[in-house]
Amino acid sequence: MKRGLEALVASAISTLRARGELDVESVPPVVIERTRDPRHGDFACPAALGLARAARLNPRDLAARIAAVLPPASDVKATAVAGPGFINFTMTEGAFQRIAAEIVDLDAPWGRSRRFAGRRVQVEFVSVNPTGPLHVGHGRGAACGAALANLLEAVGWEVEREYYVNDAGRQMDILTLSVWLRYLEAIDWPDRPEFPGGGYRGGYIRDLARELAREHDARLGRGLSAVPPAEDDDGLLDALIAQARAALGERDYALVADAVLTGLLGGIRDDLARFGVVFDRWFSERELVSSGAVPRVLEVLRERGEAYERDGALWFNAAAHGDEKDRVLVRANGQSTYFASDVAYHLDKFERGFDRVIDVWGADHHGYVPRVKGAVRALGLDADAFDVVIVQLASLWRGKQRVPMSTRSGEFVTLRDLVDEVGADAARFFYVLRKSDQHLDFDLELAKSQSNENPVYYVQYAHARIASVLRRARESAVEGNGLDFGHVERLTERHELDLLKALSRYPEVIESAANACEPHQLAHYLRELATAFHSFYNAHTILSGDEDLKSARLTLAEATRRVVADGLGLLGVGAPAAM
RNA sequence: GCGCCCGUAGCUCAGCCGGAUAGAGCAUCGGCCUUCUAAGCCGAGGGUCGUAGGUUCGAGUCCUACCGGGCGCGCCA
C-alpha cells in the first residue's frame, strides 16, 4: 500500500519537473507515513515540506500542485492538502477489505517480501565462550539474533546462522585443568593440589569430572610434582596447567580437553535447542587457527601496509581506521592475540561470499567494534556490508532484589533454568520486547508470573481465542468440512476496519524491523494487532446469524490468526490453539 | 581521564529519514460476563520529553555544553 502511494507521488513530482513547474536539482526518495490521527486520512506524505525550500515555493502551494497531478488510483478514495503542507491519502474500504481475503487465500505466509532475494547474509550470534552453561544474560543475544535472522529471511535474504566457538587459548586450558582437578577429587586421588582460586567452579565442572571418572576410572590419575609458589592466581594457574600437561602427556591432556569442550558445547547446544535457537554452523576458532588463517591474514595486512613492527610486537594500524589507538596482533613473545584470530575470522566470513555480515555482540564488547570494523576496512572489504548489532546485557532481578552473577564462581541463573520455569515462549518474547541496545531489567518473578503483566500471553491469547472460534464454526458447519470465507465487503464497522488497517501494516513492520535490525518493532506491532483484535472481538459477534456477515468476520479472524501466528513464529514464540 | 550507549507518565518502555494535539503496558480509580475463551473489553486521571543554549517553516528526534546513570578502555580471552 505504502509502496503504491510512494510511486504515485514520485510520478506526480516528475510530471511537475517535466513541465518546468518544479525547479529542483534532485528529489529525495518519497516518504509515506501512516497517520497518527485518523482525521488526517490513512497515509500522509510530507514530500512538499522538504522540497519547498529548494524550489522556493510555499509548502502548501507545492503540495496542492503535486496533489493536482497525482495519477488516478482505484484504492485511493480521497487526497487532501492539510496542515503545513502534507498530502493526506484516504484509502477506500475495499482496499483494506481485500487484504483479509488475500491473507486467507494465500498458501504461504502473507507479508513476506522478495526485496533481497538472491543475496546472502550471515548472522553470527551467541558465540559465548564455552566455559559453562548459558545464563540468562546470554539468552537475550540468542533471542535477538534468532529473531533478526528470521526477519531477514522474511524480506528475502538467504540467511546463515553461525556460532563462533572460542575453543583456542588459555581459557580452554583453565577449564581443562579445573575439570581434571575435580576428576582427581572424584576418584579420590591422594596428594592432589588444592583447587586454585582462579579455576572454574560450579556444578557443571564437577559433572564433567564425574563423567570422566565413569569413562576412564582412575586411568587419568597422576601425581603432580611440587607446584612452585606463585605470587598471584594467574601465575598459579599457569604453573598448574604446565604441571598437568606434563603429568598427563599430550595425548591424555588432549583427551581431557576434548571431553571438556565436547561436554560444554553439547550442553550449550541443548540449551539453545530447548530455547528454540538452532545454528546452521558452529565455527571453530581452533580449526581456523590450525588452517593457518591467522598468519595468512597477517601477511595480507602487512602487504597492504596496515601492520607494522614495534617493540618486538606486530601492530595493526587501527587508529588510521577510526579506532582510538593501534592494536597488537602478535605479542612480543610470538603469540598472536585473540584480535588476530578475529581479523582472520572476519576475512574468512567475507571470503565465504556473503553479501552482508552481521555480528550480534553483547554490550560488554562494544569497545571492540571500532577495531574490528577498522580491520574489515583495512582488508579492503566492503565495510558497509558489515554491521555489529549491540545487545545490552540484561541485569537480573528477583522482584526488587538484584541477582549477582559471576561465571567463574558459578553463581548464575542458567538459561535452562529460565526456560524450565517460564517456558521458552515467554522468555523469547520478553527478551525482544525492548530495543536491543537498551538496557533490560529481567525480572524473574515477572517472567515467571502467569499474569497479565506478562505481555506474551496477551498476544497468544488473541490467537487462542480465534482458534477457539474457528473450532466452534467448524463444528457447526453443516457440510462439516471447510469454512466459508468471503464477503469481505461486509466488514464496515469501525472495529473491523481498525483491525484490517492493523493487518495491512504487517508487511511494513517486517521490512522496517529487518532493515533496522530491530526485532522489538515486531513485538510491539503484535501487541497492537492483538489489541485491535480483542476490541473487535468484544464489540461484535463473529458467529453471527447473518451467514454472509459471519463468513466475512471469519475471514477477518482467520487472517488475523495467521498474521499473529506468523509474527510470533518470526520471534520464535509459539501460537497456542488453546490456553 | 578518554570513548560508546542512555535519560520521555508513579514503574517499565515505544516514538518510523525532523512533521500535525507526545503514545503503550503495568499500577491507581470507575464500569462490562444467562451468548464465540474476562489471560479480555470500555472509560478516567497522570508529562517542563534530564537542564541550558543553538540550527529552521517546524525539535522528544539534529548540534554544543552541563547534570545524572550504564558499559568499555591490557602485548587478557
Side-chain angles (χ1 to χ4, degrees), chain A residues 28-29 31 33-37 39-40 44 46 49-50 52-53 58-59 82-86 88 129 131 166 168-172 174 234 285 310-315 323-325 327-339 341-342 362-370 390 392-393 395 433-435 437-441 443 446 450-462 464-473 476 495 508-509 512-513 515-516 518 520-521 523-524 527-528 530-531 533-544 550 553-554 557 578-579:
Chain A
V31 173
E33 302 164 335
R34 292 269 173 176
T35 57
R36 247 188 314 221
D37 187 334
R39 282 172 304 185
H40 299 139
L49 293 162
R53 191 178 334 166
N58 173 310
F86 289 97
N88 291 340
N129 292 355
T131 60
N166 292 117
R170 178 164 178 267
Q171 184 175 256
M172 287 310 304
I174 300 175
D234 280 339
E285 181 190 5
R310 193 180 76 203
D311 303 333
L314 183 71
W315 295 72
D323 200 2
E324 51 188 42
K325 55 184 169 186
R327 305 291 175 177
V328 172
L329 291 161
V330 181
R331 294 193 279 270
N333 66 11
Q335 286 222 304
S336 60
T337 59
Y338 178 86
F339 174 57
S341 306
D342 249 4
D364 52 342
H365 288 82
H366 80 252
Y368 208 69
V369 175
I390 292 295
Q392 284 284 348
L393 298 184
S395 47
L433 200 52
R434 300 280 131 75
K435 203 156 59 176
D437 62 3
Q438 282 279 20
H439 195 87
L440 172 71
D441 285 333
D443 185 344
L446 180 59
Q450 301 256 322
S451 78
N452 56 355
E453 288 174 55
N454 206 334
V456 63
Y457 296 108
Y458 182 78
V459 179
Q460 289 184 320
Y461 185 55
R465 264 184 156 175
I466 299 171
S468 168
V469 174
L470 291 168
R471 273 195 301 272
R472 184 78 60 122
S476 64
H495 290 100
E508 294 161 26
V509 171
S512 171
N515 292 344
E518 292 184 351
H520 80 277
Q521 289 188 21
H524 281 267
R527 214 159 55 168
E528 286 162 23
T531 299
F533 173 75
H534 287 309
S535 295
F536 157 69
Y537 181 89
N538 273 274
H540 301 290
T541 304
I542 296 172
L543 302 178
S544 149
K550 173 169 136 188
R553 287 180 176 165
L554 280 172
M579 288 173 75

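A, B, ... follow the sequence lines: proteins, then strands. Residue 1 opens every chain.
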Could you tell me the separation between the CG atom of A:L49 and the P atom of B:U61, rounded to a whole number of Å?
19 Å
If the P atom of B:G46 is compared with that of B:A65, how far apart are they to the nearest Å?
37 Å
Write down the distance separating the P atoms in B:G58 and B:U21, rounded off to the nearest Å.
14 Å
Residues in salt bridge (Lys or Arg N to Asp or Glu O under 4.0 Å) contact with A:E324, at least two apart in sequence or another chain
none
Using the C1' atom in both, what is the distance from B:C33 to B:G40, to the nearest Å?
10 Å
C1' gap between B:A27 and B:G10, integer Å
8 Å
What contact category does A:N515 fall into here, base, sugar-phosphate, or nothing, at under 4.0 angstrom with non-hydrogen atoms?
nothing
Expected rows: protein N/O vs nucleotides 30-35 of chain B N/O, under 3.5 Å:
none

Mind checking A:A516 for me? I need base, sugar-phosphate or nothing, with any heavy atom below 4.0 Å counting as a touch.
nothing
Considering every strand and a 4.0 Å limit on heavy-atom distances, what is the contact class for A:H540: base, sugar-phosphate, or nothing?
base
Between A:G50 and A:R527, which has a closest nucleotide on RNA chain B that is more 5'?
A:G50
Any non-hydrogen side-chain atom of A:R331 less than 4.5 Å from a side-chain atom of A:S336?
no
Would you say A:S468 and A:R471 make side-chain contact, with heavy atoms under 4.5 Å?
yes
Can you check the distance between B:C71 and B:A59, where both ends of the measurement are the C1' atom (answer in whole Å)?
28 Å
Please check the phosphate of B:G40 (OP1 and OP2 only) for any side-chain N or O of A:S535 closer than 4.0 Å.
no
Identify, with sequence neighbours excluded, every residue that meets side chain to side chain contact (heavy atoms under 4.5 Å, CB included) alongside A:A473.
A:L483, A:L543, A:L554
Classify every nucleotide of nucleotides 9-16 of chain B by which part a protein heavy atom approaches to under 4.0 Å, writing B for the base, S for the sugar-phosphate alone and - for neither, in 5'-to-3' order.
---SSSSB
Separation of the C1' atoms in B:U8 and B:C2, to the nearest angstrom:
29 Å
Pairing residues for A:S341 by the side chain to side chain donor-acceptor pair (under 3.5 Å) criterion, not counting sequence neighbours:
A:E285
A:H495 NE2 to B:C41 C1': how many Å, rounded?
9 Å
Counterpart residues, ring-ring contact (aromatic ring centres under 6.0 Å, His included), relative to A:Y537 (two or more places apart):
A:F533
Measure the shortest side-chain to side-chain distance between A:I390 and A:V369 over non-hydrogen atoms and say whether it is less than 4.5 angstrom.
yes
Separation of A:Y457 atom OH from B:G40 atom P, in whole Å?
12 Å
Kindly indicate whether the side chain of A:L329, heavy atoms from C-beta on, has any atom under 4.5 Å from the side chain of A:F339.
yes
Between A:H40 (NE2) and B:A20 (P), how many Å, whole number?
9 Å
Supply the atom-to-atom distance A:I542 CD1 to A:L470 CG, rounded to the nearest 0.5 angstrom.
7.5 Å
Pairwise P distance, B:G19 and B:C4 [rounded to whole Å]:
25 Å
Would you give a per-nucleotide map of nucleotides 72-77 of chain B, 5' to 3', where B means the base has a protein non-hydrogen atom under 4.0 Å away, S means only the sugar-phosphate does, and - means neither?
SSSBSB
Have A:Q171 and A:N129 got a donor and an acceptor in their side chains that come within less than 3.5 Å?
yes
So A:Y458 and A:T531, do their side chains get closer than 4.5 Å, heavy atoms only?
yes
In whole Å, what separates the C1' atom of B:C13 from that of B:C67?
23 Å
Strand RNA chain B in bracket notation, Watson-Crick/G-U under 3.5 Å with | for pairs to another chain
(((((((..((((.....[...)))).(((((.......))))).....(((((..]....))))))))))))....
Between B:U21 atom P and A:R39 atom CZ, what is the distance in whole Å?
10 Å
Rounded to the nearest angstrom, tell me the gap between atom CZ in A:F533 and atom P in B:A39.
14 Å
If you define the side chain from C-beta out and look only at heavy atoms, does anything of A:D234 sit under 4.5 Å from A:R170?
yes
Not counting sequence neighbours, which residues clear ring-ring contact (aromatic ring centres under 6.0 Å, His included) with A:H524? List them please.
A:H520
Ring-base stacking, A:F86 with B:A20 (5.5 Å, 30° cut-offs)
yes
Contacts of A:R527 meeting side chain to side chain donor-acceptor pair (under 3.5 Å) (sequence neighbours excluded), chain-then-number -> none
Minimum-distance nucleotide to A:Y461 side chain [options: B:C42, B:G40, B:A24]:
B:G40
B:C33 glycosidic torsion: syn (within 90° of 0) vs anti
syn
Atom-to-atom span, NE2 of A:H534 to P of B:A24 - whole angstrom:
16 Å
Restricting to ring-ring contact (aromatic ring centres under 6.0 Å, His included), what partner residues turn up for A:H540, sequence neighbours left out?
A:H495
Taking the nucleotide of RNA chain B with the nearest heavy atom to each, does A:I542 or A:D37 sit closer to the 5' end?
A:D37
For A:Q460, all residues meeting side chain to side chain contact (heavy atoms under 4.5 Å, CB included), sequence neighbours excluded
A:D425, A:V456, A:Y457, A:L568, A:V573, A:P576, A:M579
